[in-house]
Amino acid sequence: MIAVKTIDLVKKYKNKIAVNKLNLSIDQGELFALLGVNGAGKTTTIKMLSCLSSPTSGDAILLGDSIVKDPFKVKEKINVSPQETAVAPNLTVRENLQTIAELYGNKKQDAIKKTEEMIIRFGLGEIEKSRAKTLSGGWQRRLSIAMALITEPEILFLDEPTLGLDVLARRELWNMVKKLKGNITIILTTHYLEEAEALSDRIAIMSEGELKAVGTSQELMKQTDKDKFEDAFIALSMMEGVI
Ligand SMILES: Nc1ncnc2c1ncn2[C@@H]1O[C@H](COP(=O)(O)OP(=O)(O)OP(=O)(O)O)[C@@H](O)[C@H]1O
């Protein structure tokens, strides 16, 4: 089954076309990476797909529902771990998780149970009583993803999940994301090419709001006749025209 299908999706800001007629199809259970240089249109795409910003034209269907016609239905099935970490700084790790679970309609006892499960699942036990603002960037990001997952989304958006993290924290986060693979659909944006290669089933390359290529890293290297994924990425980012 298809989790996400975009149909000529467009976002304009005054005279700037941030996303130009995007046509993408993402399968259920797939981990799909959106790559592109600064300003390529990745965040704008995620904002439209997660109903935080409405498209100028076109549409996207998420598990059967339209972001234009039924944004509330779409919102019930998705969650986002945004670029700017969305944790409440003065609440503890446990309080952050429980608050989100309650906000999403769980009764207190169920929220406590789910919080417990997430703390165990994501190894947050040692920091559960710490206020979020005292955590390192890596722990904050882990908490942010756990908070997105406690709402049991069918589609999870991860916008630059390892931005600013050190090598160890990045690897830990990769392991966490790998464990989620196959269970839910994940759409990831990143500037780290090795992250997209290590984690994703398929990769889309955007440039200046347009989709330049989609495929596995191997397919994209073959398509551009390059031995390194970085060289394929550069060639595809600079390519004229839309696929
Ligand atoms: N609110 C806005 N108003 C005007 N222009 C915007 C707005 N948001 C984004 N843009 C422009 O749209 C284009 C796409 O931006 P977007 O943030 O989607 O790119 P990105 O691929 O996520 O970039 P980055 O990797 O730097 O996060 C850019 O030229 C940006 O300046």
Side-chain angles (χ1 to χ4, degrees), residues 3 28-34 43 46-47 49-50 52 75-192 194-201:
Q28 220 172 335
E30 195 171 14
L31 198 156
F32 192 87
L34 267 184
T43 300
I46 294 228
K47 282 188 175 156
L49 295 180
S50 53
L52 293 173
K75 279 184 186 174
E76 284 171 9
K77 302 178 202 174
I78 64 166
N79 212 334
V80 188
S81 173
Q83 232 176 65
E84 53 299 327
T85 322
V87 301
N90 285 316
L91 296 186
T92 65
V93 167
R94 179 176 280 276
E95 286 165 350
N96 262 291
L97 287 163
Q98 198 178 318
T99 304
I100 294 291
E102 285 180 28
L103 276 176
Y104 271 76
N106 289 285
K107 288 195 187 113
K108 191 163 183 191
Q109 281 314 312
D110 293 335
I112 290 172
K113 191 162 166 261
K114 282 189 181 170
T115 299
E116 205 61 57
E117 283 166 11
M118 297 309 276
I119 286 173
I120 293 166
R121 190 165 155 206
F122 293 112
L124 299 169
E126 64 185 91
I127 52 147
E128 64 168 294
K129 294 193 176 108
S130 306
R131 284 183 199 274
K133 67 181 173 193
T134 67
L135 302 176
S136 67
W139 280 115
Q140 288 205 16
R141 210 55 221 240
R142 265 168 100 135
L143 172 59
S144 161
I145 296 173
M147 283 163 67
L149 286 168
I150 204 166
T151 67
E152 297 174 10
E154 290 176 76
I155 301 174
L156 174 68
F157 295 94
L158 296 177
D159 199 3
E160 303 204 24
T162 63
L163 186 71
L165 300 192
D166 67 37
V167 174
L168 290 180
R170 176 167 302 145
R171 284 298 160 112
E172 278 177 14
L173 216 92
W174 285 12
N175 290 336
M176 179 173 158
V177 173
K178 276 180 187 165
K179 283 189 197 150
L180 302 172
K181 274 190 78 164
N183 298 321
I184 59 172
T185 308
I186 301 176
I187 298 160
L188 164 97
T189 75
T190 181
H191 280 293
Y192 302 110
E194 74 280 12
E195 182 162 296
E197 273 191 285
L199 295 179
S200 53
D201 298 309

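No hydrogens, no waters, no symmetry mates; every other heavy atom, side chains included, goes into these values. Note that the coordinates shown come from a computational prediction; the quantities given were computed from them, not determined experimentally.
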Applying side-chain contact (heavy atoms from CB on, under 4.5 Å), run through Arg121 and Leu180 and close with a yes or a no.
CA-CA 11 Å; Arg121 190 165 155 206; Leu180 302 172; 3.3 Å; yes
side-chain contact (heavy atoms from CB on, under 4.5 Å) for Arg131 and Asn90? Distances and angles first, verdict last.
CA-CA 6 Å; Arg131 284 183 199 274; Asn90 285 316; 4.2 Å; yes
Would Ile155 and Lys77 count as a side-chain contact (heavy atoms from CB on, under 4.5 Å) if you check the C-alpha gap in whole Å, the side-chain angles of each, and the deciding distance to 0.1 Å?
CA-CA 6 Å; Ile155 301 174; Lys77 302 178 202 174; 5.7 Å; no
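A distance-only check finds no donor-acceptor pair linking the side chain of Asp159 to the backbone of Thr189 [under 3.5 Å]. Asn106 contributes a side-chain N or O that, together with a main-chain N or O of Ala101, makes up a donor-acceptor pair within less than 3.5 Å. When atom types are taken as modelled, the side chain of Asn96 and the backbone of Val87 share no donor-acceptor pair closer than 3.5 angstrom. Distance alone, capped at 3.5 Å, is enough to place a donor-acceptor pair between the Glu95 side chain and the Thr92 backbone. In this structure, Ser144 contributes its side chain and Gln140 its backbone to no donor-acceptor pair below 3.5 Å.
Atom CG of residue Asn79 and atom CD1 of residue Ile100 lie 7.5 Å apart, to the nearest 0.5 angstrom. Going from atom CG of Leu31 over to atom CD1 of Ile186 covers 4.5 Å, rounded to the nearest 0.5 Å. Atom CD in Glu154 sits 10.0 Å away from atom CD in Glu76 (nearest 0.5 Å). Taking OG1 of Thr115 as the start and CE of Met147 as the end, the distance is 10.5 Å to the nearest 0.5 Å. Here the straight-line distance linking atom CG of Asp201 with atom NZ of Lys181 works out to 4.0 Å at 0.5 Å rounding. Of the inter-residue distances, the one linking Leu124 atom CG with Ile119 atom CD1 reads 6.5 Å to the nearest 0.5 angstrom.
When the side-chain contact (heavy atoms from CB on, under 4.5 Å) test is applied to Lys108, the partners found at least two apart in sequence or on another chain are Gln98, Glu102, Ile112. With sequence neighbours excluded, no residue forms a salt bridge (Lys or Arg N to Asp or Glu O under 4.0 Å) with Asp166.
Residues Trp139 and Val93 form no side-chain contact, since every pair of their non-hydrogen atoms from C-beta on lies 4.5 Å or further apart. Residues Leu188 and Pro161 are in side-chain contact: their nearest non-hydrogen atoms beyond the backbone lie under 4.5 Å apart. Within the 4.5 Å cutoff, side-chain heavy atoms of Arg141 are placed close to those of Ser81. Between Arg94 and Glu116 the shortest side-chain heavy-atom distance falls below 4.5 Å. Residues Thr134 and Ile127 are not in side-chain contact: their nearest non-hydrogen atoms beyond the backbone lie 4.5 Å or more apart. Within the 4.5 Å cutoff, the side chain of Phe157 has heavy atoms near those of the Ile78 side chain. Between Ile187 and Leu156 there is no side-chain heavy-atom pair separated by less than 4.5 Å. Within the 4.5 Å cutoff, the side chain of Thr99 has heavy atoms near those of the Leu91 side chain.
Closest of all the heavy-atom pairs between Thr185 and Gly29 is OG1-N, 2.9 Å. Pro153 and Ile184 get closest at one heavy-atom pair: O-CG2, 3.4 Å. For the pair Ile150 and Leu97, the tightest heavy-atom approach, listed with the atom from each and the gap, is CD1-O, 3.7 Å. Ala148 and Thr151 make their closest contact through O-OG1, 2.9 Å (heavy atoms, listed as atom of the first residue, atom of the second, distance).
Under a cut-off of 6.0 angstrom, the local environment of NZ in Lys179 is sparse, with at most 12 non-hydrogen atoms contributed by other residues, nucleotides or ligands.
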Can you give me every donor-acceptor pair (side chain of residues 167-175, partner residue at least two apart or in another chain, under 3.5 Å) with its distance?
| unit_1 | atom_1 | unit_2 | atom_2 | d |
| --- | --- | --- | --- | --- |
| Arg170 | NE | Thr162 | OG1 | 3.3 |
| Arg170 | NH2 | Thr162 | O | 3.4 |
| Arg170 | NH2 | Leu165 | O | 3.4 |
| Arg170 | NH2 | Tyr192 | OH | 3.0 |
| Glu172 | OE1 | Arg142 | NH1 | 3.0 |
| Trp174 | NE1 | Glu195 | OE1 | 2.9 |
| Asn175 | ND2 | Arg171 | O | 3.4 |

